[in-house]
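Beneath this line is the structure, given in C-alpha cells, with notes to follow.
Values reported hereafter were calculated over all heavy atoms of this structure, with side chains retained and with hydrogens, waters and symmetry mates removed.
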Amino acid sequence: MNSHFGAFTCPDTLRLILSKLAVTDLARACCVCRVWNAVACDNDLIVDAFRSPWKLREVVGRPINSSFWRDNGIAKFAVSHRIARSDTVQSLAVKYSVQVMDIKRLNNMMSDHGIYSRERLLIPVSNPDILIDGTCYIELDTHAKREVAVLYLEGEPDRKPGSLSTRVTSAQGKRMIIDSLRRSMRVDDATAQYYLSISNGDPRAALSKYSADLGWERNIGSTVLFQFPGRPVVEVLQFCFGFLEDLLSIKDVLNIIAEQLLYVEQIQFRSKRNYILDNEILIGAKVHASKHGWLLLSRKNHVRMSSSFLLYTPFTHKIIRLPESHIMNDDSMATFSTAPTSPDCLIFVLTVGCRKLYVSTCRLGNKIMKVWRTVSFDGDQHGKVDSVIFVGGVYYCLFCNKVMGSFKVDQEDWKIHPHPVPATAAHQKNEWNENCLIESHDGNLLVACRRFPDSLQIFRYDQSEIKWFKVEKLGYRMLLLGVTSMILPADEEASKLANTIHVGGQYCSSFGSCLCYFYEPPRGLFLGNKEKIWIYDRIDKKKKIWIQPPQH
Amino acid sequence: MSSSIASSSSSSSSSSKKEKKISLKTSDGEVFEVEEPVAMQLEIVRSFFADNEDVTEQTVMPLPNVSTAAMHGILEYCRAHEEFRRRMPEAAPEEEVRAFEAGYVDRKSNEELKEMILAANYLNISKLLDFLTGVAAKRIENKSVEYVRAFFGVENDFTPEEEANLRREYEWAFEGVDED
C-alpha cells in the first residue's frame, strides 16, 4: 500500500486535487512539502481558486502583496466608474444600487465635492452576478489605498474610444501611465513603455499583454532551470516542450521533463530566470532533432511547396537560417552533427523522392557560402523514414520497411544495413510500432523499438559484426524518447533517474500521456506506475520534444 | 479466477442480445470480464482497442497498475454510470447520480480513495478522476498541514527554517483550521 503514496507527490494528480481547493486550503497546501509547494504555489492555481467562486473569466495582473489572494470576499471586487460631468455620489449610488457610505468608504472620500478631481470612482459590487464571466484587473487604487480586483463594465480595454488611452497624447499623461504601469507590473521603464507601445497606448491592454507574457514566462522559467547547491552556475539540465498536436499555443503547452527532479532538488521558483521563447519560430514548425541546447526545425513554405530549415536555441534565442532548397519537403527528415556554434556542424536532410533518395548536407562552418550539397541514390522501396541520426561521421536512417541506411559523409557512400527487428510475415505490421535511433553516451548507435502496449527494447549496433545486440541496462543514464530522443547522464543529483526510460510524444499517442519505463533486471522492462509523470493535461496528446542540455 | 463476480452482476443489466465482453487483467492476475460499453469508459482500454485493429475479443488486456480491489470500485462506478446513460441517454438523472456518488464515496476509506485515484489516473477515466480528486479535496478541506501530510502519506522535506518561513508567509491561511 505504502508504495502508492509517493504518487501523491506526482504533480499531475496533485494538481487535480489542489485545483479543487479554496484559497486558504491552497495556501496551507504550500506548506506540506516541496513538491506540494511547487504545485500549489503555481499562480494559475491560485488565481483559479480566487476567481472560481465568482465564476470570473479572468483576473489580470499580479498583486504586490501575495496576501491579496487570502480573501476573495466580495469586498475585494469593485467596479470602475469613470466620472462624467453630471455624476454625483448619490446618483452613482442609485445607478449601482449601493449605499452612498459604501462608495465613500471604499474611495476614502471625506466629502462629496472631491469627485471631480478624480478620474474614476470604485463602486462596491452589490450583485455578484456582474462578476460572472467578467475580467478583473488587480489595481492598487491610490484612493482606496489597497489592491482591488477592478471590473470594467464599459467593455474591453482596446475597443473603447475616448477611454484612458486618449490621455496618452500629452507627454505628462504618458509619463503618468508609464509610471503606473511600471508600478503595477513591477518592471523597469523600458519594459512598461514596450508593453504600452504594443498595446497602442492602452494601459489596460498593456497590462493584459504583460500578464499573459508573465504566465508564459513563468511556465518556462519554472520548467527550465534547476539550481543545485554547491554549483557555481545555474545548471540547465534539460527541458521539453509538449507541443499540442496543432502547435498553436506554445505558452499553454510548455511542459517539464524533470518533474521527477523535484525529488532530487526543489526548483527554486524565486531564483528562476526568465526565458521568453520566440514562439513565432516554433509555431507550425516541425522539430527534427536537438543537440547541445539547439533545435533543428523546418517550416513548410506553402508557396513553393518546399521546406526551409533553421536552427534555434531557446537559451539565447539565436536563430540560424539555412538556405532554401527545392528538394526538401514536409516529409524530409533531418538531423545535425553538433552544436551549430562549432565550425564542424553538419546538417543532414533525407528526402524520399520519386524512385530516388536525396541526402542533402550543409556545413555551417563556411559562413559565406552556406549551401546544400545533395547526393541522390536509387530507390524509394524502403518506405517512409522513421528516424535519422548522425553518429561518428555516419548518417543513419531507419526506414519503416525494416532496413537501415547509412551515409558516410566523407566518402558519400550509401549503404543498407539490417534492421534490429527484421521484417517477417508476423512482424510486418502493427508489431513494432515505433522505432527510434539514438546516439549512446559512448558514440554507439542504438535503436529503441516499442511495441504496444508496454514493451520496449533497445538494441546496439555492432558495425564490425553488422549485427544488433540487445541492451539490458542503461546504468547511470536515462533515455528520453519522443519527437526528439536522447540519452542523458543521470548521476549525482539526478541518480534517481538512473536506468529509466521516459517516453513522450509520438511514443505515447495511444495513451495521450507519457509513460515511464523502468529497467529492473532480471524482470526486464515494465511500465512505471507512480512514475507516470509530467502529464499536465491527460486528455490532449502532447508531443514531447526533449532538448538536450547545452555543453558546458 | 473469480471473474464470476464481474459477469454475474452484469447479467442483470444485459439486454436480450449477447453483449460483447472485454477481458481486463489486474496487477494481481485476476481477469475481469467487462461489458464493452463499461470498459470503453476506461480511456486506456478504448485507445488500446481503437489503435490496435488486430486485437480480438479474446485479447486479455493487462493493467499492471491496477489492483483487484481498485478495479472492483472502478467498475462499480462505471457500471452505475453506464446504467444511468442507458436509462436516460439524453441527460443523466442528476439527483440520482449525486445520490449514488455520495453513497459510493461514503463507503470508501481514505486508503481506498487514494488507491482508486491512482488507478483512475492510470486508466484515464477523467470523469471518475475528477470526481475522486474532488472527494479528496473535500476530505482535506480546512484541515491542518499535519493532517494533510498524514492523509496523503507525504513526508515533510522542508528544513524547520523553510517551514517556519512559509508558515509566516501564509499566516493568514492558518486561522480557524479544524482540530485534527
Side-chain angles (χ1 to χ4, degrees), chain A residues 1-10 12-37 40-41 66-67 69-71 262-263 266 429-431 433 452-454 509-513 515 526-530 532 535 537-539 541, chain B residues 27 43-44 47-48 50-55 61-67 111 114-115 117-122 124 126 129-130 132-138 140-149 151-158 162-163 165-167 169-177:
Chain A
M1 244 324 166
N2 250 330
S3 65
H4 272 144
F5 292 176
F8 284 101
T9 47
C10 154
D12 178 34
T13 329
L14 192 55
R15 207 180 153 88
L16 269 177
I17 297 172
L18 297 185
S19 68
K20 298 184 171 79
L21 293 176
V23 270
T24 46
D25 289 323
L26 198 56
R28 282 196 310 280
C30 290
C31 309
V32 167
C33 69
R34 286 167 194 265
V35 177
W36 279 55
N37 181 282
C41 284
S66 76
S67 68
W69 303 116
R70 65 186 284 182
D71 161 31
L262 287 170
Y263 299 117
Q266 187 206 12
K429 268 207 159 168
N430 278 343
E431 193 67 16
N433 305 32
F452 191 84
D454 55 1
S509 56
S510 21
F511 286 142
S513 59
L515 303 172
F526 68 95
L527 203 54
N529 174 13
K530 60 188 174 188
K532 207 180 108 188
I535 313 144
D537 186 344
R538 297 172 1 279
I539 294 132
K541 300 176 177 179
Chain B
S27 61
E43 181 57 30
I44 198 173
S47 51
F48 176 76
D51 293 353
N52 293 268
E53 284 163 8
D54 49 347
V55 294
M61 186 181 173
L63 299 170
N65 294 336
V66 185
S67 70
E111 301 308 307
K114 283 185 281 183
E115 203 178 342
I117 288 177
L118 298 169
N121 182 42
Y122 170 73
N124 204 348
S126 46
L129 186 61
D130 196 53
L132 292 175
T133 49
V135 173
K138 203 90 196 143
I140 57 168
E141 199 176 80
N142 218 29
K143 293 285 194 278
S144 71
V145 171
E146 291 75 17
Y147 181 93
V148 174
R149 280 184 196 137
F151 185 98
F152 284 107
V154 178
E155 209 176 301
N156 174 18
D157 53 0
F158 289 119
E162 281 172 328
E163 191 176 356
N165 283 339
L166 278 170
R167 283 181 186 256
E169 186 180 342
Y170 296 108
E171 205 183 352
W172 47 269
F174 287 86
E175 297 155 8
V177 172

Q | Flag side-chain contact, heavy atom, 4.5 Å: F152(B) against I17(A) | A |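 Yes, close enough: below the 4.5 Å cut-off.
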Q. Hey, are the side chains of F174(B) and R28(A) touching, using non-hydrogen atoms and a 4.5 Å cut-off?
A.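 Contact flag for F174(B)/R28(A) side chains = yes.
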Q: Could you tell me which non-hydrogen atom of L166(B) sits nearest to which non-hydrogen atom of C30(A), and how far apart they are?
A: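 Scanning both residues completely, I find the closest heavy atoms to be CD1-O, 3.7 Å.
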Q.
To check you understand the geometry: which heavy-atom pair defines the closest contact between N142(B) and D25(A), and what is its length?
A.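 Between these two residues, the closest heavy atoms are N-OD1, 2.8 Å.
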Interatomic distance, [X] atom [atom1] to [Y] atom [atom2] [nearest 0.5 angstrom]:
X: Y122(B); Y: T13(A); atom1: OH; atom2: OG1; result: 14.0 Å
X: E146(B); Y: C31(A); atom1: CD; atom2: SG; result: 9.5 Å
X: C33(A); Y: E163(B); atom1: SG; atom2: CD; result: 10.5 Å
X: R15(A); Y: T133(B); atom1: CZ; atom2: OG1; result: 12.5 Å

Could you look at [X] and say if it's the side chain, the backbone, both or neither that has a heavy atom under 4.5 Å from chain A?
X: N165(B); value: neither
X: I140(B); value: both
X: E141(B); value: both

Q | Chi angles and distances behind the side-chain contact (heavy atoms from CB on, under 4.5 Å) call for W36(A), V148(B) | A | CA-CA 11 Å; W36(A) 279 55; V148(B) 174; 3.6 Å; yes
